Amino acid sequence: MSTQKLFSALFLQLILAIFVLDVADAQYLKLGFYKNTCPAAEDIVRETTAQYISKAPTLAASLLRIHFHDCFVRGCDGSVLLNSTKNNRAEKDAIPNLSLRGYQVIDAAKSAVEKKCPGVVSCADIVALVARDAVSMINGPYWQVPTGRRDGKVSVALEALTNLPPPLANITQLKAMFQSKGLSIKDLAVLSGGHTIGISHCSSFTNRLYNFTGKGDTDPSMDPNYVIQLKKKCKPGDVSTVVEMDPGSFKSFDENYYTVVAKRRGLFQSDAALLDDVETSKYVRLQSFSHGESFGQDFAASMVKMGRIGVLTGNAGEIRKYCAFVN
Ligand code: HEM
Ligand SMILES: *[C@@H]1O[C@H](CO)[C@@H](O)[C@H](O)[C@H]1NC(C)=O
Ligand SMILES: *[C@@H]1O[C@H](CO)[C@@H](O)[C@H](O)[C@H]1NC(C)=O
Ligand SMILES: *[C@@H]1O[C@H](CO)[C@@H](O)[C@H](O)[C@H]1NC(C)=O
Ligand SMILES: CC(=O)N[C@H]1CO[C@H](CO)[C@@H](O)[C@@H]1O
């Protein structure tokens, strides 16, 4: 082989190596993905979120929940935002999602970002950023959100039903569902702490108050005094009344959820179930006794992990123009 041929062969290999590395790299999210393509993106999202949260702090809960629902169904790909069409019932219209609020915040952030840099920033990333910003604006922890997610083109209502844990899930089911998304038992204990904010419709837990095993009984794992209190608010068959999940501090992101659960006052069976496993119950008691010494940090870490579930990167998916529709 002549020296020249050798060099060009090496050069070709180098190019190939760079190409392969680049593709491999595209599989991963990174901090500041939009640093060059839309440097103002994160600021714009934060300012938009702040405008809404300052007027309606309770929206933060729903914005956090939107991110959770997005990630658990088809990965964090913005599929939770897609509207149903004539031929397709989307996740948005599945039962567990029916009570999601706050889509207008995502839409406003998206249109503000589109004005500055059209077609660059995904709806999936905006969902992740808005959730982070909303939580941090109500005294919650702050975390850096790796970005570079792309938007999916499919949203199926039935998949929300099968991928989202139901409020009556027991600890075995919860662990299995989190594990199937690559999340650990600790992540389950930590992310359940999201219920430190927000509200629930009576219909999500009245089975525990009135007809737990079909014999007109109550759930023995719930504090009987709390059952009495909840019965005053939620009559059988009530589908419209809402109650605070962490009474008294449902607007502020703190560790009080764990104290509530430890007192057997968790609202859902899935909250109470955290006391049925050695590791999750240890975590509940630790946060309750230590007044949340590590909760903020733990929550931040688990949110970053959740935000990586099944993401589309590189050339997969698309960057939607409007979050409710595929291009
Ligand atoms: C562990 C399994 C989980 C179950 C079974 C569950 C179930 C539910 C249910 C039934 C509601 C009330 C819906 C309604 O009736 O209006 C709710 C609300 C909520 N969930 Fe979860 N959830 C789980 C995990 C999570 C996670 C991981 C997060 C976030 C990190 C989260 C954040 C929220 C928030 C913030 C609300 C309040 C929403 C609002 O105020 O609009 N949940 N959840
Ligand atoms: C998309 O769906 C939301 C509610 O699910 C609705 O408020 C909105 O009007 C829909 N958008 C369009 C353009 O149909
Ligand atoms: C949890 O629920 C599943 C499905 O309903 C059931 O098969 C299982 O026995 C339950 N496990 C426990 C520990 O209650
Ligand atoms: C309680 O559940 C049982 C079995 O599902 C049902 O037959 C009964 O009508 C329920 N009672 C009430 C008051 O809803
Ligand atoms: C049962 C329930 O949660 N219903 C709510 C579903 O969501 C819509 C708004 O998206 C509410 O109007 C319903 O009350």
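If you're wondering where the values come from, they're calculated on a predicted model, not measured in any experiment. Just so you know, ligand 1 is whichever comes first in the structure, and atom 1 is the first atom listed for that ligand.
Between Phe253 and Phe295, the ring planes lie parallel to each other; the angle is under 30°, not in the 30° to 60° tilted range.
When non-hydrogen atoms are compared, ligand 1 lies under 4.0 Å from the backbone of Pro167 as well as from its side chain. Only the side chain of Phe178 comes within 4.0 Å of ligand 1, judged by heavy-atom distances.
Heavy-atom distances between Pro166 and ligand 1 reach below 4.0 Å in at least one pair.
Nearest-residue assignment for atom 8 (C) of ligand 3 (options Asn170, Leu174, Ile171, Asp277; heavy-atom criterion): Asn170. Taking each of Arg101, Arg65, His195, His67 in turn, the one with a heavy atom nearest to atom 41 (O) of ligand 1 proves to be Arg101. Of the candidates Phe72, Phe299, Phe268, it is Phe268 that places a heavy atom closest to atom 12 (C) of ligand 1. When Leu64, Asp271, Leu188 are ranked by how near their heavy atoms come to atom 29 (C) of ligand 1, first place goes to Leu64.
By the 4.5 Å heavy-atom criterion applied to side chains, Lys110 and Val113 are not counted as neighbours. Under the 4.5 Å side-chain criterion, counting only non-hydrogen atoms from C-beta, Leu274 is in contact with Tyr257.
In terms of N/O distances under 3.5 Å, ligand 1 is not approached by Ala61. The shortest N or O to N or O distance between Ser192 and ligand 1 is not under 3.5 Å. Looking at Thr58 next to ligand 1, no N or O pair under 3.5 Å apart turns up. Of the N or O atoms in Ser270, none lie within a sub-3.5 Å distance of an N or O in ligand 1.
Taking a cut-off of under 4.0 Å to the non-hydrogen atoms of Gly198, the atoms of ligand 1 that pass are 37 (C), 40 (O). Those atoms of ligand 4 with a heavy atom of Asn211 less than 4.0 angstrom away are 1 (C), 2 (O), 3 (C), 8 (C), 10 (C), 11 (N), 12 (C), 14 (O). Those atoms of ligand 1 with a heavy atom of His201 less than 4.0 angstrom away are 14 (C), 15 (O), 16 (O). Those atoms of ligand 1 with a heavy atom of Ser204 less than 4.0 angstrom away are 10 (C), 13 (C), 14 (C), 15 (O).
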Report the C-alpha separation of Glu42 and Arg132 in whole Å, then their side-chain angles, then the decisive distance to 0.1 Å, and conclude whether the salt bridge (charged side-chain N to carboxylate O under 4.0 Å, His left out) test is met.
CA-CA 11 Å; Glu42 295 205 21; Arg132 183 271 312 271; 3.4 Å; yes

Stepwise, does the ring-ring contact (aromatic ring centres under 6.0 Å, His included) test hold for Phe289 with Tyr258?
CA-CA 9 Å; Phe289 290 145; Tyr258 295 102; over 10 Å; no

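When every heavy atom of Ala273 is checked against every heavy atom of Ile171, the shortest pair comes out as O-CD1, 3.5 Å.
When hydrogens are left out, the protein atom nearest atom 5 (O) of ligand 4 is Gly214 CA, 4.5 Å; that is the closest non-hydrogen contact.
Looking at Asp219, Asp223, Asp217 one by one, the single match for salt bridge (Lys or Arg N to Asp or Glu O under 4.0 Å) with Arg208 turns out to be Asp219. In summary, of the residues considered (Asn256, Asp298, Thr259), a side-chain contact (heavy atoms from CB on, under 4.5 Å) with Gln287 occurs for Asp298 alone.
Side-chain atoms of Asp133 and Ser136 include no donor-acceptor pair closer than 3.5 Å.
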